[in-house]
2 protein chains.
Amino acid sequence: MSYTYDYPHPAVTADIVIFSIRDEELHVLLIQRKLNPFKGAWALPGGFIQMDEDLETGAARELAEETGLTGIHLEQLGAFGRPDRDPRERVITIAFLALVPSDKLVLSAATDASDAQWHNLSDLPKLAFDHENILNAGRERLANMVSSDIAQSARVVFKFLPGKFTLAQAQSVFEIIKGEALDKRNFRKWIMANWALTDLEEKTQGGRHRPAALYSLT
Amino acid sequence: MSYTYDYPHPAVTADIVIFSIRDEELHVLLIQRKLNPFKGAWALPGGFIQMDEDLETGAARELAEETGLTGIHLEQLGAFGRPDRDPRERVITIAFLALVPSDKLVLSAATDASDAQWHNLSDLPKLAFDHENILNAGRERLANMVSSDIAQSARVVFKFLPGKFTLAQAQSVFEIIKGEALDKRNFRKWIMANWALTDLEEKTQGGRHRPAALYSLT
DNA sequence: CCAAAAGTGTTGCAGCTACACCCATGT
DNA sequence: ACATGGGTGTAGCTGCAACACTTTTGG
């Protein structure tokens with residue numbers, strides 16, 4: 001049986017970064033590959049998405065097949081699709097993040113071959129494909145979940161502003177996104193304290209009111 | 001020319017949720033579809049990923065082709081792949097988020113046909129495919145960027161814990177993820193104040209030390 | 001009685017909120 | 001002169017960080 005299309009299609013897989021804590025350390029579940037490419041290397045559990053299943057369903061199915069773990073909450077981590085990430089053909093993978101409590105470690109009981117093993121994050125083998133990137137994305141996501149500083153992610157919000165902007169424009173952008181009015185003085189203190197703005201020593205002109213100082217984000 | 005595979009492959013597209021602020025309101029850039037399915041309906045700009053290009057590159061290319069916008073920072077929003085989201089064949093889309101400042105609106109100048117238009121988020125037409133879902137994911141992401149409350153995303157961290165856990169176990173999980181030691185009293189105050197824990201009125205037993213109270217996350 | 005982990009309050013400080021008036025420009 | 005938006009300080013409060021000892025169990 002074969003499948004033919006008018007245009008080339010990539011293969012699509014789901015890979016799961018599944019973390020647990022063992023002996024007070026973060027561990028990730030890896031599978032030892034039985035086939036080429038990367039035969040013998042360790043890889044994230046995962047596999048091809050089937051044509052009639054949702055992405056998350058596919059990820060859950062692969063996870064169950066390869067590790068015996070079921071009923072695990074999966075959260076999408078993102079798509080990884082560098083053209084050369086798989087030597088066989090173009091493969092785009094949708095990565096998922098999952099966490100399991102230490103008491104759910106029925107692992108080797110459920111999986112027959114048991115080529116699935118927990119690896120300490122501080123002592124990892126070389127991984128197949130670009131799985132190291134994916135794993136790192138999972139680590140970052142996990143770290144961000146418990147960190148409350150806004151700095152990194154809010155930076156893109158400044159993309160709404162032109163290169164040179166006034167504080168009033170910046171305030172307006174934040175107000176629109178947050179959907180609430182902000183106090184002018186407090187906003188100015190906040191933005192000056194939390195973002196590196198450079199005063200361009202320039203003023204707007206043309207409004208029939210006092211000109212405003214222009215800033216740029218450093 | 002046609003392309004044949006041993007297993008069925010989905011098509012993969014990139015769609016871009018591109019926001020701007022016009023007249024103090026959030027707007028999103030939509031394209032009016034010229035072809036079936038959903039001919040005439042509005043849709044997010046996007047199109048098929050080519051086999052030799054990275055996901056982000058493909059998104060940027062499609063955005064440029066359809067709207068004339070270039071040099072825009074794209075951030076991955078996630079993959080959307082419900083099996084029935086496209087009536088023609090299985091299509092998985094990788095969505096991207098982009099923001100443009102109001103002064104970059106060279107839009108209609110660059111694009112010939114100009115079937116691209118900014119739409120106010122509070123007055124949207126029906127969208128093609130599942131683009132409404134994707135758009136909403138973009139809105140949420142944008143809102144989260146400027147919100148500093150931890151509540152929603154940190155909830156999954158509790159998946160590291162068994163259903164019944166002690167406060168010491170919870171603290172240990174947070175310490176491992178954050179990579180730093182936390183003060184016991186402050187942690188207890190924080191967790192009680194910010195998470196709905198129910199005291200199970202049960203104690204651990206068996207340790208050669210004082211038994212600990214068990215809690216579960218409500 | 002000793003070891004091991006559980007449990008418990010207070011104080012100082014930093015950062016946030018609330019709040020009202022004068023300033024510079026164009027018409 | 002007036003209309004329009006730009007620019008500025010302070011006081012109270014709240015939430016977070018720092019910090020040490022007593023309690024309960026098992027061996």
Side-chain angles (χ1 to χ4, degrees), chain A residues 21 23-24 102-103 145-151 154 161-162 164-217, chain B residues 21-25 102-103 146-151 154 157 161-162 164-217:
Chain A
I21 294 180
D23 307 324
E24 310 272 292
S102 334
D103 73 348
M145 281 175 176
V146 296
S147 130
S148 55
D149 60 318
I150 207 174
L161 291 163
K164 303 172 175 188
F165 53 86
T166 68
L167 297 185
Q169 289 175 319
Q171 181 174 348
S172 164
V173 165
F174 277 86
E175 282 177 335
I176 290 165
I177 296 175
K178 294 184 106 127
E180 59 183 327
L182 303 175
D183 179 83
K184 185 167 36 160
R185 281 173 291 190
N186 293 338
F187 177 80
R188 281 160 187 250
K189 273 178 290 182
W190 174 81
I191 200 171
M192 297 313 264
N194 291 285
W195 300 92
L197 298 191
T198 39
D199 185 341
L200 297 173
E201 318 254 329
E202 249 182 289
K203 304 266 171 189
T204 54
Q205 42 192 9
R208 59 177 169 201
H209 53 79
R210 177 171 174 177
L214 286 166
Y215 294 84
S216 70
L217 181 63
Chain B
I21 295 181
R22 316 190 70 189
D23 306 325
E24 312 272 290
E25 309 239 25
S102 332
D103 73 349
V146 296
S147 130
S148 55
D149 59 316
I150 208 174
V157 170
L161 291 163
K164 303 173 175 187
F165 54 86
T166 68
L167 296 186
Q169 289 174 320
Q171 181 174 349
S172 164
V173 165
F174 278 87
E175 283 177 334
I176 290 164
I177 296 174
K178 294 182 104 126
E180 59 183 328
L182 302 175
D183 178 83
K184 184 166 39 157
R185 280 173 291 189
N186 291 339
F187 177 80
R188 280 159 189 252
K189 273 178 288 183
W190 174 82
I191 200 171
M192 297 314 260
N194 292 285
W195 299 92
L197 298 190
T198 38
D199 185 341
L200 298 172
E201 318 253 329
E202 250 182 284
K203 305 266 173 192
T204 53
Q205 44 192 8
R208 59 175 168 200
H209 54 80
R210 178 169 174 178
L214 287 166
Y215 294 84
S216 69
L217 182 63

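By convention in this document, chain letters (A, B, ...) are assigned in the order of the sequence lines, proteins followed by strands, and residues within each chain are numbered from 1. This one's a predicted model, so the numbers in the text were calculated from it and none came from an experiment.
- Looking at B/Arg210, its side chain comes within 3.5 Å of the base of D/dT23 through a donor and an acceptor atom.
- Between the side chain of A/Gln169 and the backbone N or O of A/Leu161 there is no donor-acceptor pair closer than 3.5 Å.
- Of the possible polar contacts, none joining the A/Glu24 side chain to the B/Ser172 backbone as a donor-acceptor pair under 3.5 Å is found.
- Nearest nucleotide to the A/Arg185 side chain, out of C/dA6, D/dT8, D/dG26: D/dT8.
- Comparing the helix axis at one end of the helix from C/dC1-D/dG27 to C/dT27-D/dA1 with that at the other, each defined from 5 consecutive pairs, gives an inter-axis angle of 0° (nearest 10°).
- The distance between atom CD of B/Gln205 and atom P of D/dT25, rounded to the nearest whole Å, is 11 Å.
- Using a 4.5 Å heavy-atom cutoff, the side chains of B/Leu197 and B/Phe165 are in contact.
- Counting heavy atoms from C-beta outward, A/Trp190 and A/Phe174 have side chains that approach closer than 4.5 Å.
- Minimum heavy-atom separation, B/Leu167 to B/Phe187: O-CE2, 3.7 Å.
- Residue A/Thr204 comes nearest to A/Pro211 through the heavy atom pair O-CB, 3.0 Å, listed as atom of the first residue, atom of the second, then distance.
- The 5' end of DNA chain D is approached more closely, in terms of each residue's nearest nucleotide, by A/Lys203 than by the other of B/Lys184 and A/Lys203.
- Contact annotation: B/Arg188 side-chain N/O to C/dG7 OP1/OP2 distance is under 4.0 Å.
- Between A/Asp183 and B/Gly206, it is A/Asp183 whose nearest contact on DNA chain D lies nearer the 5' terminus.
- When the nucleotides C/dC23, D/dT24, D/dC19 are ranked by their closest atom to the side chain of B/Asn186, D/dC19 comes out on top.
- Ranking D/dT10, C/dA20, C/dT25 by closeness to the A/Pro211 side chain, first place goes to C/dT25.
- Within 4.0 Å of A/Ala213, counting heavy atoms only, lie sugar-phosphate atoms of the nucleic acid but no base atom.
- Comparing A/Lys189 and A/His209 against DNA chain C, the residue whose closest nucleotide sits nearer the 5' end is A/Lys189.
- Between the OH atom of B/Tyr215 and the P atom of C/dA6 there is a distance of 12 Å, rounded to whole Å.
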